[in-house]
Amino acid sequence: MCGGFVCGYKRKPEEVTEERSRITGSFPNALSHTVTPTHFRTHTTTAMTYQLSAGSCRLFQTCTPEDADVFNTEHTVQFLSIKKVGNTNNGPDRYRIIMSDGVHYMQAMLATQLNQLVQDNVITKCTVATIEKLTCNYVQDKRLIIILALRVLAHTTEKIGDPQQIEPAGNDQGINSPGANQAASTSTTPAPGAAPVQRQQAPPPKPGRTGNIYPIEGLSPYQNNWTIKARVTQKSDIKTWSNNRGEGKLFNVTLMDDSGEIRGTAFNTVVDELYPKLEEGKVYYISKARVNLAKKKFSNLNNDYELGFERNTEVEECHEVTNVPTVKYNFVPLDALGELNKDALCDVIGIVKEASEVTQVTSAKLNRQIPKRELTLVDRSGFSVRMTLWGKQAEQYNESETTPVIAFKGVKVGDFGGRSLSMFSSSTMQVNPDIEECFLLRGWYDSSGAEQTFKAHSISNTGGSSSFGFNRTDMHSLEEVKQAGYGMPEKPEQFSARATIMHIRSENISYPACPTSGCNKKVIQISDGWRCEKCNQVFPAPEHRYIISMAVADYSGQAWLQGFNEVGVEVFGMTANELLEIRDRDIAEYNAIMHKANCNTFNFSCRAKQDTYQDTTRIRYGISRMLPIDYKEEATILRDLLYSQWAR
DNA sequence: CCCCCCCC
């Protein structure tokens with residue numbers, strides 16, 4: 001009855017996890033370094049998002065043997081086809097690959113030493129892989145890319161994006177390909193930016209400005225004669241620093257055009273020159289800045305690169321009113337914030353129902369005062385959420401306007417009070433923007449919204465839309481969670497784990513609750529029924545709700561987890577009313593059900609919290625989400641983890 | 001060359 005694989009998961013956790021620890025131990029962090037969205041800084045929350053290296057095909061097509069950067073850089077591509085090509089001289093098989101960077105596709109050959117990857121189906125159609133090493137044969141005017149080393153990131157089933165065949169190289173860096181338009185572009189997930197494909201029809205000849213107008217997404221260290229035409233969507237304060245490496249001042253701007261966004265930074269004397277010149281909201285031609293690799297860890301923008309403004313950087317205001325980029329949004333309705341993970345970035349639009357005064361917060365970390373202002377946003381979903389503004393944005397907020405519509409871009413999702421929002425210095429806000437959503441909100445609020453009451457996201461709303469999701473990139477072993485002090489002051493609260501149920505406390509497995517939908521309060525038995533204090537009503541019978549306390553284990557150790565009704569339903573596959581009915585009717589059957597619930601493995605999303613009860617302080621772990629294991633999914637992830645290492 | 005995104 002029980003297939004071997006399922007039994008594998010039913011083994012004692014020590015055995016199961018010994019195996020797991022061997023795998024994870026050998027390849028530390030491999031998963032999070034290859035396939036997590038955070039690494040690629042896409043703004044989606046899908047666990048699996050693959051960012052192809054847009055522009056790589058263009059580079060391959062135009063590179064010269066001296067382009068060391070092309071050959072020393074990793075390129076993530078998707079294989080669209082793999083075909084054996086005839087060999088004439090009885091040599092080894094050769095495989096021809098069509099690979100896509102999401103924007104273009106082109107041919108490449110697999111080095112014969114990698115043939116095994118094809119023969120073992122390690123790489124197939126739709127495999128996403130990072131090319132770690134390649135070389136290029138130059139035959140007459142043609143280039144033949146040969147893949148020398150790669151690692152597999154994932155096996156997908158569909159073509160990513162709408163890549164176009166790349167046209168032959170040779171015509172001036174290969175610009176101007178009509179078919180090479182970008183895929184649908186939204187603000188939060190801009191299409192993999194094309195290499196320079198857009199050329200301004202008639203850029204006004206300005207003295208000192210050289211080169212073509214490049215889309216921001218086309219900028220890379222491999223191009224140097226470019227000019228971008230971009231709007232400053234955000235300008236920071238001038239910041240000063242002093243550390244053991246020295247001291248100085250700097251400021252950043254966020255630059256945006258239709259293709260994407262990029263951060264620019266000026267230091268020291270360049271600050272004096274450019275800070276007054278660059279104004280928020282205005283459009284500029286910018287050229288001769290350095291294109292540096294962005295340090296992903298510190299950038300919230302969707303770009304692999306950032307600009308370093310230097311002494312010779314040219315910045316010139318653009319007064320044209322046509323074809324100027326506008327901020328594009330991908331709004332998340334406020335009721336859907338619960339579906340985003342903590343620390344995710346998102347765009348929201350709402351009515352400012354309330355705005356606090358500016359207060360000063362003392363940052364423990366930075367040891368300085370930071371101005372702060374809280375806004376309460378509401379929208380047509382009937383939800384409200386708190387948005388925190390910091391620094392300049394808090395101080396300069398115009399409080400004279402009541403209930404404006406504000407659109408926010410690139411704000412951080414927090415978990416205070418269930419869900420909260422906070423601005424980064426790179427986030428932008430636009431008051432009463434000239435967009436449809438704004439008009440709709442205004443109309444709704446003025447006609448009815450103002451009178452309405454709003455639902456806040458709440459912590460207690462577990463299992464519902466505002467609970468935290470299971471997050472594969474935030475997996476921890478139980479021992480690690482204990483060692484790291486999750487739940488202690490200043491420590492993280494949220495973690496995800498995979499663990500197996502060892503024991504469920506069978507006493508007090510439920511409580512009699514008010515049957516009113518959403519009330520959940522405990523009811524008290526009185527002479528003529530069950531009374532709810534909150535609803536001030538007497539009911540003939542209560543609705544029993546689970547309170548689960550269970551010991552779970554993984555390879556590292558064990559922990560007690562607490563869960564509410566949703567957890568019990570997941571564990572037993574029936575409601576508490578049904579389980580109690582069985583208990584009262586047939587205790588043996590009840591015991592069998594309790595027993596059967598053991599040894600099942602789940603993916604958990606948990607919240608650790610310090611708690612003091614009868615003079616004892618301890619950390620309690622609450623279950624916010626509990627998902628049955630999808631064996632196929634788990635196996636696929638482990639397989640890809642192995643492949644990605646083995647293919648190195 | 002910064003790199004903190006803060007607090008309740």
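These numbers come from a predicted model, not from an experiment. Numbered from 1 within each chain, the chains take letters A, B, ... in sequence-line order. Reckoned from all heavy atoms, side chains included, excluding hydrogens, waters and symmetry mates.
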Handout entry: B/dC6 OP1/OP2 closer than 4.0 Å to side-chain N/O of A/Lys412
Key = yes
Handout entry: Euclidean distance, atom CG of residue A/Asp415 to atom C1' of B/dC7 [Å, nearest integer]
Key = 13 Å
Problem - Interatomic distance, A/Met387 CE vs B/dC6 P [rounded to whole Å] - result: 13 Å
Exercise for the section: Look at A/Arg245 and B/dC2 and indicate whether a side-chain polar atom (N or O) is within less than 4.0 Å of OP1 or OP2. Expected result: yes
Handout entry: Euclidean distance, atom NZ of residue A/Lys239 to atom C1' of B/dC1 [Å, nearest integer]
Key = 13 Å
Problem - Gap between atoms CG and P, on A/Leu307 and B/dC1 respectively (whole Å) - result: 14 Å
Completion exercise
To the nearest angstrom, the CG-C1' distance between A/Leu345 and B/dC5 comes to 11 Å
Problem - pi-stack flag for A/Phe416 and B/dC8, centroid dist under 5.5 Å, interplanar under 30° - result: yes
Problem - A/Tyr486 and A/Glu480 side chains, donor-acceptor separation under 3.5 Å - result: no
Practice task
Look at the side-chain N and O atoms of A/Lys295 and state whether any lies under 4.0 Å from the OP1 or OP2 oxygen of B/dC1.
Solution key: yes
Fill in the blank from the handout: Which of B/dC2, B/dC8, B/dC6 is nearest the side chain of A/Trp390? It is B/dC6
Exercise for the section: Find the distance A/Leu250:CG to B/dC4:C1' and express it as a whole number of Å. Expected result: 11 Å
Practice task
Can you label the angle between the A/Phe383 ring and the A/His457 ring as parallel, tilted or perpendicular, going by 30° and 60°?
Solution key: tilted
Exercise for the section: Have a look at A/Ser427 and say if it touches a base, only the backbone sugar-phosphate, or nothing, with a 4.0 Å heavy-atom cut-off. Expected result: nothing
Problem - No-hydrogen, no-angle side-chain donor-acceptor test under 3.5 Å, A/Glu261 and A/Thr254 - result: no
Completion exercise
note: A/Arg290, atom CZ; B/dC1, atom C1'; distance rounded to Å ~ 11 Å
Practice task
Can you check whether any acceptor in the base of B/dC3 is under 3.5 Å from a donor in the side chain of A/Arg263, or vice versa?
Solution key: yes
Problem - Interface residues of residues 267-277 of chain A with DNA chain B (non-hydrogen, below 4.0 angstrom) - result: A/Phe267, A/Asn268
Problem - Listed partners of A/Trp241 passing ring pair (Phe, Tyr, Trp, His ring centres under 6.0 Å), at least two apart - result: A/Phe267
Exercise for the section: Check if the side chain of A/Arg368 and the base of B/dC6 share a donor-acceptor pair of N or O atoms closer than 3.5 Å. Expected result: no
Practice task
Answer with base, sugar-phosphate or nothing: what part of the nucleic acid does A/Gln393 contact at a heavy-atom distance below 4.0 Å?
Solution key: nothing
Exercise for the section: Report the distance from atom CD of A/Glu374 to atom C1' of B/dC6, rounded to the nearest whole Å. Expected result: 12 Å
Practice task
Indicate yes or no for a side-chain donor-acceptor contact from A/Ser236 to the backbone of A/Asn252 under 3.5 Å, with no hydrogens or angles considered.
Solution key: yes
Practice task
Classify the side chain of A/Ser425 versus the base of B/dC5 as yes if they form a donor-acceptor pair under 3.5 Å and no if they do not.
Solution key: yes
Practice task
Choose from B/dC6, B/dC1, B/dC2 the nucleotide whose nearest atom is closest to any side-chain atom of A/Asn252.
Solution key: B/dC2
Exercise for the section: Give a yes-or-no answer on whether the side chains of A/Glu401 and A/Asn432 include a donor-acceptor pair shorter than 3.5 Å. Expected result: yes
Problem - Shortest side-chain distance from A/Thr388, nucleotide among B/dC8, B/dC3, B/dC7 - result: B/dC7
Practice task
Would you check if there is a donor-acceptor pair between the side chains of A/Thr130 and A/Thr76 at a distance under 3.5 Å?
Solution key: yes
Exercise for the section: Kindly give the heavy-atom pair with the smallest separation between A/Pro433 and A/Ile349, and that separation in Å. Expected result: CG-CD1, 4.4 Å
Exercise for the section: Classify the side chain of A/Glu306 and the base of B/dC3 as holding, or not holding, a donor-acceptor pair under 3.5 Å. Expected result: yes
Exercise for the section: Check every strand shown and say whether A/Arg386 touches a base, only sugar-phosphate, or nothing at a heavy-atom separation below 4.0 Å. Expected result: base
Completion exercise
Result for 5'-nearest mapping on DNA chain B, choosing between A/Asn243 and A/Thr362, is A/Asn243
